[in-house]
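Small disclaimer: the values here were computed from a predicted structure and weren't measured.
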Amino acid sequence: MATTGLEVFDKTLHTTNLWLDEICAEIGPDKHLAWHVLGAVLRSIRDELLIGQSAHLAAQLPLLVRGAFFDQYRPAAQPVAERSQEDFIARIREELAGCRPVRPDLAATAVMRTLNRHITEGQVKKARDALPKGIRALWPEPEQTARGAMAAPRAEEPAPGAPSQKQSAPGSRDAFERQQERPRSAPHIVTRK
């Protein structure tokens, strides 16, 4: 993971890259295109939601992705007047006009599956249920999307909170991941008199 010197930036870059990798797995190995797809679909979803619904969805997005979500946001125009699946797809197609060709319906579903894997099921259902029926048909039910490795522990790992039976080698990926999962305590400061 690249380090910027600020943990909040490192975390959002890492998480955003994970999301882009998942989108690339469905639309092809082009991260530049995946970034454009992610933004186009999120903005199209945002434009279908009421202001409060948009804010609640945005609160669960990584910081960097949240910026793309709110790019060119006009709250007074929400939700958009055209609320059919065809209009939704047309908005995505229009935003992706300068990119390599990609089917906007498949792009939308790829982003929606990624949202299913990374935001809470309750928030997914609220956002999904707020969409018109035709658009909602593009968004798979949360239970239909397999949760990624981040959401489900690996078979050999104990459940969260359970004592670990396995010791990891210092510097290994498992040791690093366990260290990242530990709650951080305040640094111990020694003062001299």
Apart from F9 itself, members of its ILVMFWY cluster (side-chain separation under 4.5 Å) are L6, V8, L63

Between the CG atom in L57 and the CD1 atom in I119, the distance rounded to the nearest 0.5 Å is 5.0 Å

Correct closest heavy-atom pair for V37 and A107 would be CG1-CB, 3.5 Å

Residue set satisfying side chain to side chain donor-acceptor pair (under 3.5 Å) with E141, at least two apart, ordered chain then number -> R128

To the nearest 0.5 Å, atom CG of L49 lies from atom CG of L131 at 5.5 Å

D21 meets the side chain to side chain donor-acceptor pair (under 3.5 Å) criterion, sequence neighbours left out, with K31

Practice item. Begin with the C-alpha distance, continue with both residues' side-chain angles, and end with the deciding distance and a verdict on side-chain contact (heavy atoms from CB on, under 4.5 Å) for I27 and L106. Key: CA-CA 8 Å; I27 67 166; L106 297 180; 5.5 Å; no

For P75, the side chain to side chain contact (heavy atoms under 4.5 Å, CB included) test, sequence neighbours excluded, returns I51, Y73

Interatomic distance, CZ@R93 vs CG@D105, rounded to 0.5 Å, equals 8.0 Å

Taken in chain and number order and not counting sequence neighbours, the residues that satisfy side chain to side chain contact (heavy atoms under 4.5 Å, CB included) with P62 are T12, T15, T16, W19, V65

Sorted by chain and number, sequence neighbours left out, salt bridge (Lys or Arg N to Asp or Glu O under 4.0 Å) with R83 holds for E48

Q. Could you go step by step and tell me if N116 and W139 meet the side-chain contact (heavy atoms from CB on, under 4.5 Å) rule?
A. CA-CA 9 Å; N116 283 357; W139 196 329; 2.8 Å; yes

For G39 and A68, the nearest pair of non-hydrogen atoms, with its separation, is CA-CB, 4.4 Å

In short, S44 meets I92 closest at the heavy-atom pair OG-CG1, 3.3 Å

Nearest heavy-atom contact between V41 and A108 is CG2-CA, 3.6 Å

Are any non-hydrogen side-chain atoms of D47 and F88 less than 4.5 angstrom apart?
no

Subject >> From CA spacing to verdict: side-chain contact (heavy atoms from CB on, under 4.5 Å), F70, L61 >> reply: CA-CA 11 Å; F70 281 119; L61 301 175; over 6 Å; no

Across all chains, not counting sequence neighbours, the side chain to side chain donor-acceptor pair (under 3.5 Å) partners of E86 are S84

Nearest heavy-atom approach of L115 to V124 is O-CG2, 3.9 Å

For K126, the salt bridge (Lys or Arg N to Asp or Glu O under 4.0 Å) test, sequence neighbours excluded, returns none

In short, salt bridge (Lys or Arg N to Asp or Glu O under 4.0 Å) pairs touching residues 33-44 with sequence neighbours left out are R43-E95

When rounded to the nearest 0.5 Å, the distance separating CG of L42 from CE of M112 is 9.0 Å

Hits for salt bridge (Lys or Arg N to Asp or Glu O under 4.0 Å) against D30, two or more places apart or cross-chain, chain-then-number order -> R100

Here the gap from I45 atom CD1 to F69 atom CZ, rounded to the nearest 0.5 Å, amounts to 8.0 Å

Whether the side chain of R46 engages the backbone of A58 through a donor-acceptor N/O pair (distance < 3.5 Å, no angle test) should be reported. no

The complete set of side-chain hydrogen bond (donor to acceptor under 3.5 Å, both in side chains) pairs with one or both residues in residues 51-66, sequence neighbours excluded, reads Q60-T120

With sequence neighbours left out, the residues meeting salt bridge (Lys or Arg N to Asp or Glu O under 4.0 Å) with E94 are none

For the pair L138 and Q85, evaluate side-chain contact (heavy atoms from CB on, under 4.5 Å) and give the outcome as yes or no after the intermediate values. CA-CA 8 Å; L138 295 170; Q85 184 183 57; 3.2 Å; yes

